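Everything quoted here is computed from the prediction, not taken from an experiment. Every chain is numbered from 1 and lettered A, B, ... according to where its sequence line falls, protein lines coming before strand lines.
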Amino acid sequence: MVALFGMLQILTLVILLALVYRPLGDYMAKMFTTSKDLRVERGFYRLIGVDSDSEQSWRLYLRSVLIFSLVGVLLLYALQRLQAVLPYALGFPAIPEGLSFNTAASFVSNTNWQSYSPDVTMGYAVQLGGLVVQNFLSVAVGIAVAVALIRGLAYRKSGTVGNFWVDLTRSSLRLLLPLSFVAAIVLIAGGVIQNFNGFDSVTTITGGTQSIPGGPVASQEAIKMLGNNGGGFYNANSAHPFENPTAWTNLFEIFLMLAIPFALTRTFGQMVGDKRQGTAILAVMASIFAVSLTAMTLFETLTGGAATRLAGGAMEGKEQRFGIWGSTLFATSSTLTSTGAVNSMHDSFTSLGGFMAMFNMMLGEVAPGGGGSGLYGMLILAVIAVFIAGLLVGRTPEYLGKKIGPREIKLASIYILITPTLALAGTALSFAIPAVRADVLKTSIFNPGLHGLSEVLYAFTSAANNNGSAFAGLTANTPWFNTTLGIAMLLGRFLPIVFVLALAGSLAAQDKIPATAGTLPTHRPQFVGLLIGVSVLVTALTYFPVLALGPLAEGLH
Amino acid sequence: MELSVLDIVYVLVAIAVFAVVGVVARGVEKL
């Protein structure tokens, strides 16, 4: 019966996603290709001195992304440090320096890693004026970069890839704001709280007193999920009953996580003038998602020893109202996108279930990935796949009529090396530097041995891939982790964007070459299979040694 | 609230990270 309800839940989700796929994808394509500006947009462009009719080269587009994001980090840092003197601070003091840096890097990079308990650390001014603002803007940046890459594939002999300020404004005003508003209303109807009550003191049935934190949760929850942000209003994130009260809100939150990333494949197909290409990318993403979900659900249901099986599954760290299926569906969606929200504690998953969560992030979060970042990550892998196919059968590598030459393949290759380098180097340094190792073992790790390694690996994998979910067992609010994870989040976000935009510029400058008998069709099942293989193999080869030392060794123990 | 040494350090770290990204972008042009 549990399995039947679980499968019905998945079926409902698939139907919901299928219903919005086409209209949402087409809407975004129209939004990014129309030359008409809304009145409010025109006013905004005048204010910041932007000519919305002029497009930018990839260099200028990148410069705009970097300057905008650096200013975002500095403003969010300052806001946290000034919390004590801000209104609606709820009496909370200024956020300490290291934590402020970590949080600023985290929210601007769309990671939303939280080394703190938000409900007892952040007042409404920081939550609403800083964190929620970045929840909108950081995902809008990701979508903008993806659209620039699509333009690179669609344009011919062009020196431009679009206008960052226009893409950012349209994503925020025409897509994220209205959808978040509707989503927040649905969440409120589902029981998620929305108030400015601060802390309510209540008397419990045993006569004690308890402080209940209220807040504008639904409005934050909507963009948290829709924008693949993941930073919760409460420390328990979506396991908290005020953030995610029922199985229905749980399903709706999962839907919000997946709607834009999947629909962007339709946008891609529309913008390059061949919807089949978008469908092929969708098929790759959906296949990886389905296999990952099946594996994680099986691991949580069937492994973990006799006691777990007698209990009907690994329920430690999971909410009774969601059960195993509601938890694994959420965890798979959260770690295969860049959301990182949790409705169950991944640290309590079976070792192989936890391995799946980690492996999902190590895939680079491309199935379907974060808003924009998932699509551009998958398109980079498509470039690699086309190149490998060219090597295998002696065809000239080309994708959508654009030649994949030495420059393109160098850009794509370096792109896929960035996040593994950050994740593995960060983990290694945490144990290789004697003083740091001593501090990590003393302060941060309470599960020494294989599981301790998994916790640190998970943290750096989550940060470098801009996921933000935590294994929950690691104490990360330390100078070492606040600083290094903050740097990993920023580099993990913006270094790949350099290569994506450079690739966009390189492709946009080319003319389209007509398809010949030697052209590899990239809309057929054969290519879908190849791309799935490339995605998984690249990850497996990169991370297998450290996975063997951590979760795999633990699972086989 | 007073500005601390750590404030300056972390602001410089943030700027340095973006500067590194900028330097990489310069290098990418030569690829």
Side-chain angles (χ1 to χ4, degrees), chain A residues 58-59 62-63 65-67 69-74 76-78 80-86 93-94 96-102 104-105 108-109 406-411 413-415 418 479 482-484 486-503 505-506, chain B:
Chain A
W58 76 265
R59 294 174 193 82
L62 174 66
R63 202 177 301 163
V65 170
L66 295 181
I67 289 170
S69 301
L70 174 60
V71 170
V73 170
L74 297 178
L76 189 49
Y77 181 88
Q80 293 173 86
R81 295 291 296 135
L82 292 169
Q83 171 163 267
V85 296
L86 294 174
E97 296 92 338
L99 186 56
S100 293
F101 169 72
N102 184 278
V108 172
S109 64
R407 176 172 166 77
E408 288 76 22
I409 205 66
K410 277 182 212 166
L411 294 170
S413 303
I414 298 173
Y415 172 97
I418 294 169
N482 276 335
T483 308
T484 52
I487 293 171
M489 287 186 267
L490 290 176
L491 291 178
R493 177 69 163 179
F494 296 106
L495 276 181
I497 283 177
V498 170
F499 292 89
V500 172
L501 289 176
L503 183 64
S506 182
Chain B
M1 198 217 106
E2 288 179 16
L3 200 66
S4 71
V5 176
L6 273 178
D7 280 321
I8 297 166
V9 169
Y10 277 115
V11 166
L12 289 177
V13 167
I15 293 169
V17 169
F18 278 90
V20 167
V21 176
V23 169
V24 171
R26 280 276 171 106
V28 163
E29 291 182 26
K30 293 173 189 161
L31 274 180

At a 4.5 Å cut-off on heavy atoms, which part of [X] comes close to chain B: side chain, backbone, both, or neither?
X	answer
I414(A)	side chain
S69(A)	both
Y77(A)	side chain
L74(A)	side chain
R59(A)	side chain

Exercise for review: Specify which of A84(A), G486(A), G505(A), G98(A) makes the most heavy-atom pairs with chain B at under 4.5 Å.
Suggested key: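 Heavy-atom pair counts peak at G98(A).
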
Practice item. Could you point out which residue of L490(A), V73(A), L495(A) forms a side chain to side chain contact (heavy atoms under 4.5 Å, CB included) with V17(B)? Key: L490(A)

Practice item. To the nearest 0.5 angstrom, please state how far the CZ atom of F18(B) sits from the CD1 atom of I67(A). Key: 10.5 Å

Review point. In Å, rounded to the nearest 0.5 Å, how long is the span from CZ of R407(A) to CD of E29(B)?
Key: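 The CZ atom of R407(A) sits 8.0 Å away from the CD atom of E29(B).
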
Revision key, fill the gap. Looking only at heavy atoms, the pair that brings A25(B) and L62(A) closest together is CB-CD2, 3.4 Å

Review point. If you take all heavy atoms of L70(A) and A14(B), which pair is closest and at what distance?
Key: CD1-O, 4.0 Å

